[in-house]
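Taking it in order: structure first as structure tokens, then the write-up.
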There are 2 protein chains.
Amino acid sequence: MSKIQHRNLYREVADRIRELIEHGELPPGERISEKQLCETFGVSRTPLREALKVLASEGLVELLPNRGARVMQLTVKMVKDTYDLMGALEGLSGELACQQISDEGIVAICQLHEQMLEHYRNREMQPYFAVNRQIHESILAAANNEVLEEMYNNLSYRVKRVRYSKKMTDAFWRQAVNDHEMMIVALKARDGKRLGQILRDHLCHKLEVVTLAGVIEDDELINAANG
Amino acid sequence: MSKIQHRNLYREVADRIRELIEHGELPPGERISEKQLCETFGVSRTPLREALKVLASEGLVELLPNRGARVMQLTVKMVKDTYDLMGALEGLSGELACQQISDEGIVAICQLHEQMLEHYRNREMQPYFAVNRQIHESILAAANNEVLEEMYNNLSYRVKRVRYSKKMTDAFWRQAVNDHEMMIVALKARDGKRLGQILRDHLCHKLEVVTLAGVIEDDELINAANG
DNA sequence: AAAAGGTATTATGAATTCATAATTCCGGCA
DNA sequence: TGCCGGAATTATGAATTCATAATACCTTTT
């Protein structure tokens with residue numbers, strides 16, 4: 001017996017468009033044709049337009065009155081602002097996690113940390129990032145704050161595309177691992193203030209913005225392109 | 001010549017519903033009748049439904065599949081989580097503001113601070129809150145981070161209703177003013193870390209949650225009411 | 001009288017239709 | 001040839017219509 005999934009159409013559509021944007025199939029600044037997307041998804045314009053409005057409120061899409069929608073064009077400043085924000089949220093997640101996490105939770109994160117170190121020693125970049133990500137997600141989950149999680153995920157989605165283009169120099173990498181060592185110490189001691197501070201300043205974010213400078217166009221260029 | 005405002009209908013409607021929720025004309029948990037709201041606003045269901053979906057993604061409204069919408073019912077935990085988050089965002093705003101604000105901006109905030117102190121000495125509660133709010137808004141604006149501002153405003157909207165029911169004991173009030181004194185010192189010194197820390201820990205938020213315990217129903221009660 | 005079942009009504013979800021703004025295309029004109 | 005203006009086309013915004021799920025109401029049965 002197959003499970004009848006009664007999810008709303010507009011959610012389905014919004015999810016699909018999010019994916020298209022994330023994977024660059026809808027490039028930033030691209031004008032979104034309602035008709036074309038309707039045909040692609042095989043739905044009418046009503047749920048599609050609902051989805052677009054939701055995506056606009058999520059900051060993934062830009063609605064131009066009477067002129068349709070376009071994929072949000074990120075500027076360097078917007079990416080920087082978003083990363084600053086994500087840093088603050090990660091800081092909070094660390095602070096809260098220290099209060100809320102179970103001893104088993106700490107052990108689990110320590111194990112992930114050891115895995116990550118192993119990948120670092122072997123210079124296995126992709127596995128390293130995967131485990132790194134798991135650690136941050138574990139801390140976020142341990143914070144036990146759904147509003148925080150929702151906001152973080154939203155921000156994460158906005159800049160997901162640009163993450164793919166980050167570069168990791170060896171010096172930055174070592175510094176990142178060093179940050180993580182300190183994080184583990186603070187977590188074991190359940191020192192929320194300390195873990196929060198480390199996470200806020202964790203260089204991952206700043207790093208990526210720096211290397212992005214050449215990738216994403218500048219404010220001026222964007223404005224010129226819009227005119 | 002009258003200005004022809006060609007704002008989209010769904011935005012207009014969303015704004016109106018936000019107000020209705022804020023002022024309690026649509027009480028939390030209340031089932032929202034599409035037909036009734038359509039008649040109230042004089043629009044068709046299409047823009048209304050678009051507005052509801054946007055409000056749902058903002059966390060103000062809850063959509064039940066095939067069963068319409070209801071005003072989001074806040075639990076104590078949700079309010080606490082939201083305030084924790086707002087504290088973190090205020091902290092970031094302080095940190096950034098110290099880097100970005102002009103000398104004139106600092107002077108302006110100091111003047112607001114003096115006004116606030118005057119209201120405190122005279123125990124003028126409403127004017128005190130008004131100026132207090134202006135100070136926090138000024139710092140947020142000085143941070144020059146639109147993503148941060150947008151997110152803070154969203155969170156603020158979610159808990160706006162409950163703010164009306166806060167109570168200020170004298171001890172808390174004195175502590176709040178004391179926090180503000182320290183904030184001004186940090187701001188003048190452009191000590192971002194310090195200002196951020198003060199703002200994150202600024203008791204306003206925690207205070208309100210404590211006094212709210214009796215006002216907002218508990219998780220269990222909410223769940224029971226939903227079933 | 002209370003419970004169960006079935007029909008009628010109502011409300012929601014989505015497609016379609018209608019109105020209007022934006023864009024394109026084409027011809028006239030300098 | 002290049003530019004301006006208006007008709008034709010297309011796309012968007014919103015209302016209406018249609019299909020279906022949820023709810024209310026009423027009958028029937030025990």
Side-chain angles (χ1 to χ4, degrees), chain A residues 1-18 20-21 26-58 60-73 224-227, chain B residues 1-18 20-21 26-27 29-58 60-73 225-227:
Chain A
M1 187 165 130
S2 76
K3 187 171 160 192
I4 299 169
Q5 191 84 8
H6 256 304
R7 291 189 60 207
N8 288 339
L9 218 38
Y10 88 98
R11 279 178 176 281
E12 216 89 52
V13 171
D15 291 347
R16 293 282 298 276
I17 298 177
R18 261 188 228 102
L20 290 180
I21 293 176
L26 283 174
E30 171 113 334
R31 176 96 176 265
I32 296 174
S33 161
E34 290 184 6
K35 210 176 93 181
Q36 191 181 323
L37 276 188
C38 284
E39 286 167 5
T40 307
F41 298 143
V43 300
S44 79
R45 280 174 58 218
T46 306
L48 181 89
R49 287 168 59 78
E50 290 170 349
L52 286 178
K53 274 153 183 89
V54 169
L55 292 171
S57 100
E58 290 174 7
L60 289 176
V61 153
E62 194 178 4
L63 294 180
L64 315 166
N66 283 317
R67 306 169 97 248
R70 61 171 55 176
V71 179
M72 181 64 82
Q73 176 78 276
N226 284 346
Chain B
M1 188 164 128
S2 76
K3 184 174 164 190
I4 299 169
Q5 191 83 8
H6 257 303
R7 289 188 62 204
N8 289 340
L9 218 38
Y10 88 98
R11 278 178 176 281
E12 214 90 50
V13 171
D15 291 347
R16 293 283 297 275
I17 298 177
R18 259 189 230 101
L20 290 180
I21 293 177
L26 283 175
E30 171 113 334
R31 176 97 176 262
I32 296 174
S33 162
E34 291 184 4
K35 209 177 95 181
Q36 192 182 323
L37 276 188
C38 284
E39 286 165 7
T40 306
F41 299 144
V43 300
S44 79
R45 281 175 58 220
T46 308
L48 182 89
R49 289 167 58 77
E50 289 170 350
L52 285 177
K53 273 152 184 93
V54 169
L55 292 171
S57 98
E58 289 175 8
L60 291 176
V61 153
E62 194 177 4
L63 295 180
L64 314 167
N66 282 319
R67 304 169 99 247
R70 62 169 55 175
V71 179
M72 181 64 82
Q73 178 77 276
N226 284 347

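Within every chain, numbering begins at 1; the chains are lettered A, B, ... in the order of the sequence lines, protein sequences first and strands thereafter.
You won't find any donor-acceptor pair under 3.5 Å spanning the side chain of B:Ser44 and the base of D:dA14, going by distance alone.
Contact between A:Val61 and A:Leu52 at its shortest, heavy atoms only, is CG1-O, 4.2 Å. Summarising the geometry of A:Tyr10 relative to A:Pro47, their closest heavy-atom pair is CB-O, 3.6 Å, with the distance given to 0.1 Å.
Two residues are said to be in side-chain contact when any heavy atoms from C-beta on lie closer than 4.5 Å; A:Leu9 and A:Phe41 fail this criterion. Side chains of B:Val71 and B:Leu20 form no contact here, defined as non-hydrogen atoms less than 4.5 Å apart. Residues B:Arg18 and B:Ile21 fail the side-chain proximity criterion, which asks for heavy atoms closer than 4.5 Å. Between A:Val13 and A:Leu37 there is no side-chain heavy-atom pair separated by less than 4.5 Å.
Whole-Å rounding puts the A:Gln36 CD to D:dT10 C1' distance at 14 Å. Atom CD of A:Glu39 is separated from atom P of C:dT16 by 12 Å (rounded to the nearest Å). Straight-line distance from the CZ atom of B:Arg49 to the P atom of C:dA15: 11 Å, rounded to whole Å. Whole-Å rounding puts the A:Leu9 CG to D:dA19 P distance at 17 Å. C:dA14 atom P lies 15 Å from atom NZ of A:Lys53, rounded to whole Å. Put simply, CG on B:Asn8 is 10 Å from C1' on D:dA14, counting in whole angstrom units. Atom CG in B:Leu48 sits roughly 17 Å away from atom P in D:dG13 (whole-Å rounding). Following rounding to the nearest Å, B:Phe41 (CZ) and D:dA14 (P) show an atom-to-atom distance of 15 Å.
Here B:Leu63 lies out of heavy-atom contact (under 4.0 Å) with every strand.
Evaluation of the side-chain hydrogen bond (donor to acceptor under 3.5 Å, both in side chains) test over residues 47-56 of chain A, restricted to residues two or more places apart or in two chains, returns A:Glu34-A:Arg49.
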Sugar-phosphate or base contact per nucleotide [nucleotides 6-11 of chain C; S, B, -; heavy atom under 4.0 Å]: -----S

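The phosphate of C:dT12 (OP1 or OP2) has no side-chain N or O of B:Arg45 nearer than 4.0 angstrom.
Closest-nucleotide positions on DNA chain D for A:Ile32 and A:Thr46 were compared, and the one nearer the 5' end corresponds to A:Ile32.
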